[in-house]
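Below: the structure, in structure tokens.
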Amino acid sequence: MKKHLESLIHSAIETLQGDGVLPTDLQAKILVERTRDASHGDYASNIALMTAKAAKCSPHVLAEKILAALPDSAQVAKAEIAGPGFINFTLTEATAYAVVGTVLASGEAYGRSAIGDDKPVQVEFVSANPTGPLHVGHGRGAAYGAAVADLLAAVGFKVHREYYVNDAGRQMDILAVSVWLRYLDLCGETLVFPVNGYKGDYVWDIAADLRRAHGDAYRHDAEIVLSNLPADEPEGGDKEQYIDALTQRAKELLGEAAYRQIFDAGLNSILDDIRRDLEGFGVVYEEWFSERSLTESGAVGCAIERLKEAGHLYEKGGAWWFRSSAFGDEKDRVVVRDNGQTTYFASDIAYHMQKLERGFERVIDVWGADHHGYVPRVKAALTALGDDAGRLDVLLVQFAILYRGKEKVPMSTRSGQFVTLRELRAEVGDDAARFFYVMRKCEQHMDFDLELAKSQSSDNPVYYIQYAHARVCSVLRQMAEKGLKHDEKQGLANLPKLTETHEQALLTRLSRYPEVLEAAALNHEPHQLAHCLRDLANAFHTYYNAHQFLVGDAVLRDVRLCLIRAVRQVLANGLNLLGVSAPESM
RNA sequence: GCGCCCGUAGCUCAGCUGGAUAGAGCGCCACCCUCCGGAGGUGGAAGUCAGAGGUUCGAAUCCUCUCGGGCGCGCCA
């Protein structure tokens with residue numbers, strides 16, 4: 001409808017340009033908006049205010065001229081000037097009522113569109129290091145990324161959801177060593193666990209599995225393992241140097257194959273756990289992309305070569321540096337360390353280069369806000385490689401702070417006292433967690449109230465919306481119990497009987513849904529959809545309280561049932577896109 | 001110190017990319033159940049949009065500065 005009105009205005013503008021009222025090189029964007037106030041009609045355009053200057057006349061006078069040049073439309077009942085020069089449109093009744101039939105006919109497809117034109121878009125999200133279970137910070141990225149992906153799919157993009165598995169690098173080595181040391185402990189060796197090792201219980205579990213499967217195959221004498229190592233932190237040494245030396249020792253004693261087995265045992269165990277966690281959360285991927293595969297396939301080497309050939313790398317202090325400061329970054333970054341190993345950044349350059357080469361029109365990365373400093377260097381690398389960094393959107397998600405009522409839930413990664421996503425899911429449920437995470441726009445710091453998320457009352461927006469859905473179902477059950485039949489055809493044929501203000505309000509809400517969906521998708525703002533659903537639920541509850549649906553008048557009953565079934569459909573569609581269930585009873 | 005994000009009702013947040021009288025939920029106050037689920041609804045009070053300049057017909061929205069809060073500034077990932 002917006003587009004229809006915009007085209008009407010466009011045609012009026014062209015007429016005025018032909019008449020010389022407006023300059024032909026006019027560069028105004030025609031914008032039609034929903035009115036905030038029902039007394040302003042259904043839609044409004046500020047075009048006259050925008051272009052008055054170019055027309056060299058007052059907005060009001062220009063608005064009159066536009067109005068005169070506006071082609072007739074069967075869907076517009078009236079168009080009038082208001083305020084400083086707005087053009088307000090009021091739709092015909094038939095147009096307003098038509099939405100009910102449209103919703104019921106379209107069903108699950110209502111609100112979806114094809115504006116994405118099947119263009120391939122990649123959404124990479126979560127991508128947490130497989131060194132431990134996901135925590136509540138990752139949860140927000142998961143819920144947000146999944147919603148963004150689903151929204152884009154709903155408006156016609158071909159969406160590829162991807163998880164980047166950081167299965168290479170030092171952190172993973174530390175995990176492998178941690179597993180091995182716990183394993184040695186289980187074998188009966190006595191050793192002090194490094195300060196910098198991963199201390200979570202899951203490391204013990206992996207070690208225990210390893211021992212069950214392989215017995216003492218990887219056992220080495222503790223004294224040999226720990227001999228001639230630099231001091232760990234408690235002994236006045238450097239914990240980083242210590243853990244690296246320990247990693248080196250592990251590789252020497254175990255040999256490459258055995259080390260790799262322990263490494264993979266840790267990796268696979270944690271990755272499986274993450275995958276199960278996300279699946280339970282309703283988050284699934286088309287692809288789990290391995291960082292290690294980038295090195296093994298030579299992609300990392302290739303990316304480095306390309307940068308080197310283009311003259312964007314230089315050697316300093318034994319390492320190779322990328323001249324990212326020449327492309328807007330604060331300073332240059334190392335891609336190959338002095339020990340010959342490539343950095344995580346080097347992998348990321350290769351990864352993003354590949355993403356674009358894989359043919360995605362747009363590439364979206366969802367990152368935690370703590371990685372924001374990383375954005376310029378990745379874009380710099382793409383630019384240096386001759387790619388269009390503009391095709392990459394990095395969406396930064398702020399942290400969520402958990403509250404239990406008024407009390408802040410203590411969380412600190414340092415002490416390992418973080419709350420896992422699994423714990424959150426168990427406590428508040430998947431529906432509430434998914435909804436709460438996307439209720440706020442991603443750049444907002446979020447206070448996540450566990451008590452509220454758990455509460456089964458109208459205070460809790462997710463229950464409020466689900467309850468509206470369940471209520472419609474309940475009415476339909478009541479209908480059946482009373483032995484009444486619903487004649488949809490008769491209902492749709494008599495929609496003008498929906499004369500109550502509450503009914504009019506619902507019609508507007510329903511017709512708004514596709515617009516909200518489109519805006520939410522294109523702006524990567526699922527919170528818009530969340531708010532829209534709350535508003536719809538609110539309008540429904542108000543209606544429910546004010547009027548009976550199962551009335552004696554069969555025609556009116558059919559009409560009202562059509563309306564509330566349409567409401568139910570839209571609620572279900574919207575909740576589904578946010579990964580929240582739409583229960584028939586609660 | 002430099003960079004990014006945020007600052008809107010007592011609280012949690014919207015505000016459709018510069019438009020009409022700044023909105024919603026919670027909380028608070030006053031009401032509404034012989035009625036399809038009261039897990040609900042109606043009405044009301046509540047704001048110097050952090051502050052100061054600037055841009056223009058018009059600013060919560062754009063620019064500059066200041067003040068608060070978060071995060072980031074590794075040859076970690």
Side-chain angles (χ1 to χ4, degrees), chain A residues 2 29 31 33-37 39-40 44 46 49-50 52-53 58-59 82-86 88 127-129 131 166 168-172 174 240 291 316-321 330-331 333-339 341-345 347-348 368-376 396 398-399 401 403 406 439-449 452 455-461 463-464 466-468 470-479 481-482 512 515-516 519-520 523 525 527-528 530-532 534-535 538 541-551 560 564 585-586:
Chain A
K2 267 187 186 175
K29 209 162 93 191
L31 218 71
E33 295 179 312
R34 285 281 183 171
T35 55
R36 217 176 298 166
D37 191 330
S39 69
H40 296 144
N46 62 352
L49 293 159
M50 301 286 288
K53 194 171 259 177
S58 80
F86 290 100
N88 291 341
S127 299
N129 290 344
T131 53
N166 302 134
R170 184 167 168 266
Q171 296 301 329
M172 287 305 298
I174 295 176
E240 308 288 353
E291 177 188 351
K316 191 180 100 182
W320 283 92
W321 296 70
E330 289 178 338
K331 51 181 172 184
R333 312 289 175 176
V334 170
V335 287
V336 185
R337 288 195 281 252
D338 58 7
N339 65 8
Q341 289 208 316
T342 56
T343 60
Y344 172 82
F345 178 44
S347 298
D348 232 7
D370 53 336
H371 288 77
H372 67 80
Y374 204 76
V375 178
L396 299 169
Q398 294 288 341
F399 288 122
I401 301 165
Y403 281 82
K406 300 263 180 223
M439 210 163 44
R440 309 298 176 215
K441 52 180 178 196
C442 65
E443 64 264 36
Q444 266 286 355
H445 303 130
M446 180 172 67
D447 289 348
F448 191 126
D449 187 343
L452 181 61
S455 89
Q456 309 212 344
S457 74
S458 65
D459 309 0
N460 183 347
Y463 274 87
Y464 186 81
Q466 289 181 315
Y467 181 45
R471 232 176 183 178
V472 178
C473 297
S474 171
V475 171
L476 295 174
R477 280 194 299 271
Q478 275 297 318
M479 182 194 72
E481 280 168 26
K482 290 187 176 177
R512 234 176 179 139
E515 295 165 16
V516 173
N523 297 320
E525 292 184 342
H527 76 273
Q528 286 195 38
H531 284 274
C532 161
R534 215 220 162 265
D535 290 343
N538 179 30
H541 285 305
T542 308
Y543 179 41
Y544 179 95
N545 192 250
H547 300 284
Q548 285 278 123
F549 310 144
L550 300 176
V551 290
R560 289 188 170 170
I564 66 168
S585 63
M586 311 192 46

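Reminder, nothing fancy here: chain letters follow the sequence lines and each chain counts from 1. Keep in mind that what you see is a predicted model, and the values were worked out from it rather than measured.
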**Prompt:** Quick one: A:M50 CE to B:U17 P, roughly how many Å, whole number?
**Reply:** 10 Å
**Request:** Pick the C1' atom in B:U8 and in B:G23, then give their distance to the nearest Å.
**Result:** 10 Å
**Request:** Please round to the nearest 0.5 Å and tell me the distance separating atom CD of A:Q548 and atom CZ of A:R560.
**Result:** 9.0 Å
**Prompt:** Considering only side-chain heavy atoms of A:N538, which listed nucleotide, B:A20, B:C75, B:G25, is closest?
**Reply:** B:G25
**Message:** For B:G3 and A:K331 - does any side-chain N or O of the residue sit under 4.0 Å from the phosphate oxygens OP1/OP2?
**Reply:** no
**Request:** For B:C11 versus B:G27, give the span between their C1' atoms, rounded off to a whole number of Å.
**Result:** 7 Å
**Request:** Under 4.0 Å between any heavy atoms, over every strand shown, what does A:A546 touch: base, sugar-phosphate, or nothing? Just pick one.
**Result:** nothing
**Atom of A:I564, atom of A:V475 and distance for their closest heavy-atom approach** = CD1-CG1, 3.9 Å
**Message:** For a quick check of understanding: with a heavy-atom distance under 4.0 Å over all strands, which category does A:A168 fall into, base, sugar-phosphate or nothing?
**Reply:** sugar-phosphate
**Message:** Is a donor from one side chain sitting under 3.5 angstrom from an acceptor on the other, for A:E291 and A:S347?
**Reply:** yes
**Fill in**
Residues at least two apart in sequence or cross-chain that pass side chain to side chain donor-acceptor pair (under 3.5 Å) with A:H527, listed by chain then number, are none
**Request:** Based on the glycosidic angle (syn within 90° of 0, else anti), state the conformation of B:C16.
**Result:** anti
**Fill in**
Per atom distances to the A:W321 side chain, the nearest of B:A20, B:A77, B:C75 is B:C75
**Item:** Short N-O contact, A:R170 and A:E240, less than 4.0 angstrom
**Value:** yes
**Request:** Tell me the partner of B:G7, counting only Watson-Crick (N1-N3 plus N6-O4 or O6-N4) or G-U wobble (N1-O2 and O6-N3) with both under 3.5 Å; none if nothing fits.
**Result:** B:C67
**Prompt:** Is there a donor N/O on one and an acceptor N/O on the other, under 3.5 Å, for the side chain of A:N88 and the base of B:A20?
**Reply:** yes
**Message:** Under 4.0 Å, heavy atoms only, any strand: does A:R534 hit a base, just the sugar-phosphate, or nothing?
**Reply:** sugar-phosphate
**Request:** For residues A:P84 and A:P59, report the shortest heavy-atom separation together with the two atoms involved.
**Result:** O-CB, 3.5 Å
**Among B:A20, B:U17, B:C75, the nucleotide that comes nearest once only the side chain of A:E33 is considered** = B:U17
**Asked** If only side-chain N and O atoms of A:Y464 are considered, is one of them under 4.0 Å from the OP1 or OP2 phosphate oxygen of B:G41?
**Response** yes
**Item:** Counter-base of B:G72, judged by Watson-Crick or G-U geometry with both distances under 3.5 Å
**Value:** B:C2
**Prompt:** Under 30°, 30 to 60°, or over 60°: which ring-plane class applies to A:Y544 and A:F549, parallel, tilted or perpendicular?
**Reply:** perpendicular
**Request:** Identify whether any heavy atom of A:L31 sits under 4.0 Å from a base atom; if not, whether one sits that close to sugar-phosphate; answer base, sugar-phosphate or nothing.
**Result:** sugar-phosphate
**Asked** Would you say a side-chain N or O of A:H445 is under 4.0 Å from OP1 or OP2 of B:G7?
**Response** no
**Item:** Centroid distance under 5.5 Å and plane angle under 30°, A:H372 vs B:G72
**Value:** no
**Prompt:** For the pair made of CZ in A:R170 and P in B:C76, what is the distance, rounded to whole Å?
**Reply:** 7 Å
**Asked** Reckon A:N523 touches a base, only the sugar-phosphate, or nothing at all at heavy-atom distances under 4.0 Å?
**Response** base
**Separation between the C1' atoms of B:G19 and B:G58, rounded to whole Å** = 7 Å
**Request:** State whether A:Q444 places a side-chain N or O below 4.0 Å from either non-bridging phosphate oxygen (OP1 or OP2) of B:G7.
**Result:** yes
**Message:** I'd like to check, for A:F86, whether its ring lies over the base of B:A20 with centroids under 5.5 Å apart and a plane angle smaller than 30°.
**Reply:** yes
**Request:** Could you please name the option among B:G41, B:C5, B:A77 that lies closest to any side-chain atom of A:N166?
**Result:** B:A77
**Asked** Can you check the A:E330 CD to B:C2 P distance for me, whole Å?
**Response** 12 Å
**Request:** Output the single nucleotide from B:C75, B:C36, B:A77 whose closest atom is nearest the side chain of A:Y544.
**Result:** B:C36
**Under-3.5 Å donor-acceptor pair between A:N545 side chain and B:G41 base** = no
**Message:** By nearest atom, which of the nucleotides B:C73, B:C13, B:G15 is closest to the A:D447 side chain?
**Reply:** B:C13
**Prompt:** Taking only side-chain nitrogens and oxygens of A:K441, does any of them come within less than 4.0 Å of OP1 or OP2 of B:C5?
**Reply:** no
**Item:** Integer angstrom distance from the C1' of B:A60 to that of B:G51
**Value:** 14 Å
**Message:** Just to be sure I understand the rule, does A:S585 reach a base, reach only the sugar-phosphate, or reach nothing, if contact means heavy atoms closer than 4.0 Å?
**Reply:** base
**Request:** Under 4.0 Å between any heavy atoms, over every strand shown, what does A:N46 touch: base, sugar-phosphate, or nothing? Just pick one.
**Result:** base
**Message:** Once side chain to side chain donor-acceptor pair (under 3.5 Å) is applied, do any residues pair with A:N538, and if so which ones, sequence neighbours excluded?
**Reply:** A:Y464
**Message:** Need one value for A:Q171: base, sugar-phosphate or nothing, where a base atom within 4.0 Å counts as base even if backbone is also close, heavy atoms only.
**Reply:** base
**Request:** On RNA chain B, check which nucleotide each of A:T542 and A:K2 is closest to and give me the residue with the more 5' one.
**Result:** A:K2
**Prompt:** Does B:U17 adopt a syn or an anti glycosidic conformation, taking syn as a chi angle within 90° of 0?
**Reply:** syn
**Complete:** Nearest-nucleotide check on RNA chain B, A:C442 vs A:N339; residue mapping nearer the 5' end is A:C442
**Request:** Answer with yes or no whether the side chains of A:R440 and A:Q444 bring together a donor and an acceptor at under 3.5 Å.
**Result:** no
**Asked** Looking at B:G38, B:A77, B:A20, which one has an atom nearest to any side-chain atom of A:Y467?
**Response** B:G38
**Message:** Between B:A24 and B:G44, how many Å separate the two P atoms, rounded to a whole number?
**Reply:** 10 Å
**Request:** Check whether any side-chain N or O of A:R337 sits under 4.0 Å from OP1 or OP2 of B:A77, and answer yes or no.
**Result:** yes
**Prompt:** How is A:F549 classified with respect to the nucleic acid when contacts are heavy atoms under 4.0 Å: base, sugar-phosphate, or nothing?
**Reply:** base
**Base-pairing assignment for B:U34 (Watson-Crick or G-U wobble, both under 3.5 Å)** = none
**Request:** Would you indicate what A:G317 reaches in the nucleic acid, counting non-hydrogen atoms under 4.0 angstrom: base, sugar-phosphate, or nothing?
**Result:** base
**Message:** Measuring only the P atom in each nucleotide, how far is B:G10 from B:G47? A whole number of Å is fine.
**Reply:** 7 Å
**Side chain to side chain, A:I174 and A:T131, heavy atoms closer than 4.5 Å** = no
**Asked** Contact class for A:D338 (heavy atom, under 4.0 Å): base, sugar-phosphate, or nothing?
**Response** base
**Message:** Under a 3.5 Å cut-off for both contacts, is B:A59 paired Watson-Crick or G-U wobble with anything, and if yes, with which nucleotide?
**Reply:** none
**Item:** Interatomic distance at C1', B:A20 relative to B:G43, whole Å
**Value:** 25 Å
**Prompt:** Which is true for A:H527 with a 4.0 Å heavy-atom rule: it touches a base, it touches only sugar-phosphate, or it touches nothing?
**Reply:** sugar-phosphate
**Assigned partner base of B:A22, Watson-Crick or wobble definition, under 3.5 Å** = none
**Item:** G-U wobble or Watson-Crick pairing nucleotide for B:G44 (cut-off 3.5 Å, both distances)
**Value:** B:C28
**Prompt:** So what does A:M446 touch, heavy atoms closer than 4.0 Å: a base, only the sugar-phosphate, or nothing?
**Reply:** sugar-phosphate
**Asked** Just to confirm, is there a sub-4.0 Å distance from OP1 or OP2 of B:G38 to any side-chain nitrogen or oxygen of A:R471?
**Response** yes
**Nearest listed nucleotide, side chain of A:Q478, among B:C76, B:C36, B:C71** = B:C36
**Asked** Base, sugar-phosphate alone, or nothing: which one does A:A519 contact when heavy atoms must sit under 4.0 Å apart?
**Response** nothing
**Request:** Taking atom P in both B:A22 and B:U48, compute the distance separating them and give it to the nearest angstrom.
**Result:** 13 Å
**Request:** Would you please classify the geometry between the A:Y374 ring and the A:Y344 ring as parallel, tilted or perpendicular, with 30° and 60° separating the classes?
**Result:** tilted
